[in-house]
J.: 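Just dropping this structure here.
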Amino acid sequence: MPKKYDAVIIGSGVIGCCVAFELAKLGYKTLSVDKLGDAGMGSTGGSCAIIRFHYSTTEGVALAREGYYYWLDWPTYLGVRDPDGMVTYRNTGCLVIKTPVNKNLSRVKSALDEFGIGYLELEPEEISRYLPNVNLASYFPQKWIDDPEFGQPTAQIIPGALWIPESGYISDPKLSAHNVQVAAQAKQADFLYGAQVSDVLQKKGHTAGVKLADGSEIEAPVVVNVAGPHSFLINQMAGVEESMKIKTRPMKQEVAHVPAPEGMNWERDGYMLSDGDIGCYSRPEVGNHILIGSEDPDCDPLLWVDDPDDYDTNFTDQFKCMVMREGMRVNDLAIPNQYQGVVDLYDCSDDWIPIYDKSDLPGFYMAIGTSGNQYKNAPVAGAMMAELIDACEKGLDHDADPFQFYMKYTRRNLNVGFFSRNREINEDSSFSVIG
């Protein structure tokens, strides 16, 4: 006889676990299903786990600001302690370089002002106070590594930067998902690992549960797709992808871990650097390393993946290109002979803004397109999704009358319709990992 639940959540990354936790707090009997062996083993485990506020849209800043307080209040928010340990938030501050692509941060400054997020505006010569061995030359627009002009300055100096003190990262992204799983289980949520969803069940035009690869069925009137890079496959199973204006697909991403320059204790003194001029972001990493990722400049190839279960997990020229670009800003940064870091998949929407929404199939919901820039929003996204689901199940027509989510820390409403599957592509987006 099939098992019955109020809701099945597909995916146990940090956002999936937060959705399960928040639904369980509302009284839903939930089951989280994941094909992997533990919480946070997919894209969450490969996340850089950066907590920052400089998004290209006001709504992005609003969600990040609200989510920040959940991390500061992490043990209290969860209400239980994970026997495997609790993650910690390390505040480092963030230096964001002004570039034409981010409109010299004019829109970002307006959003930061609106939400009371403090920052310092730095003239170019002041940047050396934060990065003592900085090279202030401008390299915008960026070039790919095989361009003859790669590494050649295009302007004498960068326009300046913002220093945002309230920024940092989480110590262990995979453990953060497990922390939330433990909290959800304390609210009677169930988790099933090593179980692959093969179909989304329907009955009389409504979601009816899921079928697993072993043939077993789990009945539930609510199914939530939080499957990361596999989200498009789950949408296809549910028959909802074709009708969506905004879709998602997986992209291969590489993150480099390289030793800090000699004499620099970047693990102790470092901070997050978001540098659209060279097309990279970075933060401190254990072992006195610098973690470097791409901000996806236009010149770089986009490595889309057709099958998220079968893709090349080796480093490419992207690794070398990112490290060389970082070395344009950080003097004396060396390219290691052996590449170290992470190769993983992002789940990207068409405009790099997530989909937090219902679907055309009653009872089927989505928290997708979140990779790269939504880890920091996981707890608030979980609360927002749970309340959206509860409101829709009680009769709200979210498409006609978008749900307004009250953000308890910043004490204002957020129009969840901004994240609709049926929105037009948002031209205010950075169309990159910045969101």
J.: Is there a side-chain contact between R325 and P297, using heavy atoms and a 4.5 Å cut-off?
T.: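 They are in side-chain contact.
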
J.: With no hydrogens and no angle check, just 3.5 Å: does a side-chain donor-acceptor pair link Y89 and N91?
T.: yes

J.: Side chains of W74 and N179: do they bring a donor and an acceptor to under 3.5 Å?
T.: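 A donor-acceptor contact under 3.5 Å links the two side chains.
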
J.: Can you tell if the side chain of Y356 reaches within under 4.5 Å of the side chain of T370, non-hydrogen atoms only?
T.: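 Side chain of Y356 against side chain of T370, heavy atoms only: contact under 4.5 Å found.
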
J.: Take atom CZ in R81; do more than 12 heavy atoms of anything else shown fall under 6.0 Å from it?
T.: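 Not more than 12 within 6.0 Å, no.
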
J.: Between E149 and Y139, is any side-chain donor less than 3.5 angstrom from a side-chain acceptor?
T.: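 Not at all, the side chains of E149 and Y139 share no donor-acceptor pair under 3.5 Å.
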
J.: Taking the side chain as every heavy atom from C-beta outward, state whether Y68 and K376 have any pair of such atoms under 4.5 Å apart.
T.: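 A side-chain contact under 4.5 Å is absent here.
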
J.: Under a 3.5 Å threshold, yes or no: a donor from one side chain and an acceptor from the other, between N314 and Y339?
T.: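 N314 vs Y339: no donor-acceptor pair found between side chains.
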
J.: Taking the side chain as every heavy atom from C-beta outward, state whether Q196 and H230 have any atom pair closer than 4.5 Å.
T.: no

J.: With the threshold set at 4.0 Å, does a side-chain nitrogen-carboxylate oxygen contact exist between K245 and E424?
T.: yes

J.: With side chains defined as the heavy atoms from C-beta onward, is the minimum distance between I368 and N235 less than 4.5 Å?
T.: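 A side-chain contact under 4.5 Å exists here.
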
J.: Any side-chain donor-acceptor pair under 3.5 Å between E66 and T410?
T.: yes

J.: In a check of side-chain hydrogen bond (donor to acceptor under 3.5 Å, both in side chains) between R329 and each of N133, D277, N135, which one passes?
T.: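 Answer after filtering N133, D277, N135: D277.
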
J.: Sequence neighbours left out, cut at 3.5 Å: what donor-acceptor pairs do the side chains of residues 254-265 make with other protein atoms?
T.:
residue : atom : partner : partner atom : Å
E254    : OE1  : T316    : N            : 3.1
E254    : OE1  : F319    : N            : 3.4
E254    : OE2  : T316    : N            : 3.3
E254    : OE2  : T316    : OG1          : 2.6
N265    : OD1  : R268    : N            : 3.0

J.: Using modelled atom types and a 3.5 Å cut-off, is there a donor and acceptor pairing between side-chain atoms of S359 and backbone atoms of F364?
T.: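 At least one qualifying donor-acceptor pair exists.
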
J.: Using a 3.5 Å distance criterion without hydrogens, assess whether the side chain of R423 forms a donor-acceptor pair with backbone atoms of F419.
T.: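 Yes, because the side chain of R423 sits within donor-acceptor range (under 3.5 Å) of the backbone of F419.
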
J.: Less than 4.0 angstrom from a charged side-chain N to a carboxylate O is my criterion; do R65 and E166 meet it?
T.: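 Salt bridge flag = yes for E166 with R65.
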
J.: Could you verify whether a donor N or O on one side chain and an acceptor N or O on the other, from N102 and H54, lie under 3.5 Å apart?
T.: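 No - no donor-acceptor pair under 3.5 Å links their side chains.
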
J.: For the residue pair Y375 and W71, is the inter-centroid distance of their aromatic rings smaller than 6.0 Å?
T.: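 Between Y375 and W71, the centre distance is under 6.0 Å.
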
J.: Considering residues, nucleotides and ligands other than K109, do more than 12 of their heavy atoms fall under 6.0 Å from its NZ?
T.: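 Correct, the count exceeds 12.
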
J.: Which of these, R412, E387, M385, sits in a side chain to side chain contact (heavy atoms under 4.5 Å, CB included) with F405?
T.: E387

J.: Could you tell me whether the side chains of N377 and Y70 share a donor-acceptor contact shorter than 3.5 Å?
T.: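 Their side chains do not contain a donor-acceptor pair, so the 3.5 Å distance test is not met.
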
J.: Determine, using ring centers only, whether F150 and W144 are less than 6.0 Å apart.
T.: no

J.: Hey, which of D351, D350, D357 is the one that makes salt bridge (Lys or Arg N to Asp or Glu O under 4.0 Å) with R421?
T.: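 The passing option is D357.
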
J.: Could you check whether any side-chain N or O of Q142 sits under 3.5 Å from a backbone N or O of G276, counting only pairs where one atom can act as donor and the other as acceptor?
T.: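 Between the backbone of G276 and the side chain of Q142 there is a qualifying donor-acceptor contact (under 3.5 Å).
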
J.: Assess the residue pair S138 and Q156 against the criterion (side-chain hydrogen bond (donor to acceptor under 3.5 Å, both in side chains)); give the C-alpha distance rounded to whole Å, side-chain angles, the decisive distance to 0.1 Å, and a yes or no.
T.: CA-CA 6 Å; S138 175; Q156 186 173 1; over 6 Å; no

J.: Is a side-chain donor or acceptor of D34 paired with a backbone partner of L192 at a separation under 3.5 angstrom?
T.: no

J.: Could you list the residues that satisfy salt bridge (Lys or Arg N to Asp or Glu O under 4.0 Å) with R52, not counting sequence neighbours?
T.: none

J.: Would you say the side chains of Y169 and R90 form a donor-acceptor pair under 3.5 Å?
T.: yes

J.: Can a side-chain donor-acceptor contact be found between S231 and T248 if the only test is distance below 3.5 angstrom?
T.: yes

J.: Take D73 and Y409, measure what side-chain hydrogen bond (donor to acceptor under 3.5 Å, both in side chains) needs, and give me the verdict at the end.
T.: CA-CA 11 Å; D73 206 24; Y409 288 107; 3.3 Å; yes

J.: Look only at the side chain of H289 and the backbone of G287, and say whether a donor-acceptor pair between them is shorter than 3.5 Å.
T.: yes

J.: Under a 4.0 Å N-O cut-off, is there an ion pair linking D309 with K35?
T.: yes

J.: Going by heavy atoms in the side chains, are L63 and V380 under 4.5 Å from each other?
T.: yes

J.: Could you tell me the separation between the SG atom of C18 and the CE atom of M384, rounded to the nearest 0.5 Å?
T.: 12.0 Å

J.: Going by heavy atoms in the side chains, are F21 and L78 under 4.5 Å from each other?
T.: yes

J.: So, N422 and S420: side-chain donor and acceptor under 3.5 Å apart, yes or no?
T.: no

J.: Would you check if K174 and D172 make a side-chain contact, meaning some heavy-atom pair closer than 4.5 Å?
T.: yes

J.: Measure up the F191 and Y193 rings against each other and bin them: parallel (under 30°), tilted (30 to 60°), perpendicular (over 60°).
T.: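 Parallel.
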
J.: Just wondering, are more than 12 heavy atoms of other shown residues or ligands nearer than 6.0 Å to CG in N331?
T.: yes

J.: Given the rule in the salt bridge (charged side-chain N to carboxylate O under 4.0 Å, His left out) test, do E121 and K98 qualify, once you have shown the distances and angles that lead to the verdict?
T.: CA-CA 10 Å; E121 193 157 7; K98 294 181 178 180; 2.5 Å; yes

J.: Evaluate S56 against D428 for side-chain hydrogen bond (donor to acceptor under 3.5 Å, both in side chains), listing each step before the verdict.
T.: CA-CA 6 Å; S56 54; D428 287 338; over 6 Å; no

